[in-house]
Amino acid sequence: MSGALQARIAALRAELKEHNYRYYVLDAPEIPDAEYDRKLRELQKLEAESDEPVPADSPTQLVGAPLGERFSTRTHGMPLLSLANAFDADEVRDFDKRVHKLLDETPFSYIAEPKIDGLAINLRYEQGFLTVAATRGDGRTGEDVTDNVRTISGIPWRLSGDDIPQLLEVRGEVYMAKTAFAALNRAQLDAGEKIFANPRNAAAGSLRQLDAKVTASRSLGFFAYGIGEGGKGFAETQFDLLMRLQGMNFAVQTVAVLPDVDALIAHYCSILERRSSMDYDIDGVVYKVNELALHDELGAVARSPRWAIAHKFPAEEVQTRLLDVDFQVGRTGALTPVARLQAVAVGGVMVSNATLHNMDEIRRKDVRIGDVVVVRRAGDVIPEVACVLTDKRGNDAREIELPDVCPVCGSAVVQIENEAVARCSGGLFCSAQLKEAIRHFVSRRAMDVDGLGNKLVEQLLDVQLISHVDGIYRLQAEQLVALPRMGEKSAANVIAAIETSKKTTLARFIYALGIREVGEATAASLARYFASLEALIQADTDVLQDVPDVGPVVAGYVQTFFAQTHNREVLQRLLDAGIHWPESNMPEQKRPLVGKTYVLTGTLPVMDRSEAKERLAALGAKVASSVSAKTTAVIAGEKAGSKRAKAEALGVPVLSEQDLLKLLEN
Ligand code: IVH
């Protein structure tokens, strides 16, 4: 067997694996399909010539099976939340002030834990046995990686100790130690296999293996940091929770319980100093309110809890050369200048593109083509050009000019006065805008058409199987099968997902339409307020401005959107295709408590607090956790303490549970 043949096979496998990852996981392919196919065919041919067995994870064995389809999905018992970030001490102090305000005078402490740079995993234990392990996924559902997780020595198959809950979800981070990472890359290099960019990628790649034996060979570690379903009454503080998890045989990190924000910031500095001597990567420090009962009281905004924050380490910065600038066209036609850079490693990742945001930024930073620039990357954030080293500028540096016409469709580029952003005026005539509009429409938080990824949307547009969003509801499985790299099973899955997406909510549907400035929160407000699409379409800008958080600009965009005949036609075709949602019987316009804010405190003997909260919210009221002069009334049950006193001091009415029941009869 020729060494050259084996080396070429290894190189092709590594290369194709990388392209698969970019295509299926990052949704950011780097090479055209034809090029991919050529490499794949070459690998197939060489594998046939070689007398070595073909390993199960060779790209030739995985064709047409997107990663997302390789593992089945699992819905977590309770969603996995993410953390809000603080990038400096001031932001940490703001967080601390918010917590104090919400908790009024309730005493509490903080706990600080290093923020492990790995992958979040949810472990489900039933009767003390590990039954399911799933990746974070979108927070609601993740990939089932149970077999692979069972090979990680730090994750017990069975919980030890007495008093094991019937059901318990344990959350934590899978990581690869720095020493294991270095050893793995040495071995990969020797075997002519792909080198991993950083321990996090290596851990992710090792966990998402089809063959659990590969995972087993990769020495992954695990730290537990939280619990999900089944955790009621598990512990009183985060510290006790960690100790109990340790008692069950989980590894937990060294943590610190601290009295106040000054102590948190001092602790951050000591961790930053210790960072390089630790054997696993961390990218910040997580601060949590230690008392678990207060977590319920503080709640969450969007998907981040108000009781925790990640204090991130500063972004890594490196120098490189700006080779050129391209302009990308987004969903609303916005032209974003993208720097093409001499490739450079930043924070363990190779970077060759960075955003320049807009022309104002370019002028402010005085960026020119050919300049030596400083590139910055923090965590998962898109890399950006931070500044220019003007003293290193050569004579041949060129100014960056905004194109007069759209680089994609050739329509005129317009820039509205006082707006930093320049836009292509082509609207949906511009294939870039159309593509982005469809990508947005099918995205997870909009119509959630699983399996209709960026690449497929692009293909469908290229071969003109669709020319607008409603076109996806007329697609047939046979049409999909005819596309390159699409198997029958995948095609059937996409068609099934399209069918499933027809059942949605009004809020998701409004969000999916991609009206300018109408994000998820505004779409939800509009849906709550009008409760029907017809009422929303009929609303004029005055009525629209009655909706919480809708000002004149957004009202204008909404009205203009629905006033356009072609938009109305697309809407009709979508509804004709069978898109539907449960009708709400009471629009917010008619809800009697809209605009009122209540605070619940003490124990309510008849109704529990969560029921009271739900019923108040159903009538349009807001339920807040702290009392201010703007509070409509405080509803005080038994043993009401400081909140009642504060209400009395501020002259805010105090109601009894009886008063609340009367209010709810409305
Ligand atoms: S607590 C609701 N603690 O950071 C809070 N997360 O950026 C749930 N992470 O998804 C997370 N170390 O994967 C928590 N000590 C720690 C952590 C930690 C790392 C990760 C976790 C989470 C992500 C959020």
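Each ligand, and each atom within it, is numbered from 1 in the order the structure gives.
Using cut-offs of 30° and 60° on the angle between ring planes, the pair Tyr110 and Phe95 is tilted.
Only backbone heavy atoms of Pro114 (N, CA, C or O) come within less than 4.0 Å of ligand 1; its side chain stays farther off.
Under a 4.0 Å N-O distance rule, the pair Lys646/Glu105 does not qualify as a salt bridge. Residues Arg74 and Asp144 are paired through a salt bridge, judged by an N-O separation under 4.0 Å between the basic side chain and the carboxylate.
Proximity of Leu130 to Arg150: side-chain heavy atoms (C-beta onward) are separated by under 4.5 Å at one or more points. Annotation: side chain of Arg306 is not in contact with side chain of Val99 (no heavy-atom distance under 4.5 Å). When side chains are defined from C-beta on, Val145 counts as touching Ile121, because their heavy atoms get closer than 4.5 Å.
Between atom 12 (N) of ligand 1 and the options Ile116, Asn85, Leu119, the minimum heavy-atom separation is to Ile116. When Gln238, Gln253, Lys288 are ranked by how near their heavy atoms come to atom 14 (C) of ligand 1, first place goes to Lys288.
Of the protein's heavy atoms, Leu83 CD2, 3.6 Å lies nearest to atom 5 (C) of ligand 1. Nearest to atom 8 (C) of ligand 1 among the protein's heavy atoms is Leu81 O, 4.1 Å. The closest protein non-hydrogen atom to atom 10 (O) of ligand 1 is Arg136 NE, 3.8 Å. Annotation: atom 9 (N) of ligand 1 to nearest protein heavy atom, Glu173 OE1, 3.7 Å. In terms of protein heavy-atom proximity, atom 15 (N) of ligand 1 is nearest to Glu113 OE1, 2.8 Å. Nearest protein heavy-atom contact of atom 23 (C) of ligand 1 is Lys115 NZ, 4.0 Å.
Ligand 1 lies within reach of Pro305, whose nearest heavy atom is under 4.0 Å from it.
Between Gln127 and Gln166, the side chains place a donor N or O and an acceptor N or O closer than 3.5 Å (distance only, hydrogens not considered).
Aromatic rings from Phe196 and Phe181 are positioned such that their centres are separated by 6.0 Å or more.
Considering backbone and side-chain N/O atoms, Tyr225 comes within less than 3.5 Å of an N/O atom of ligand 1.
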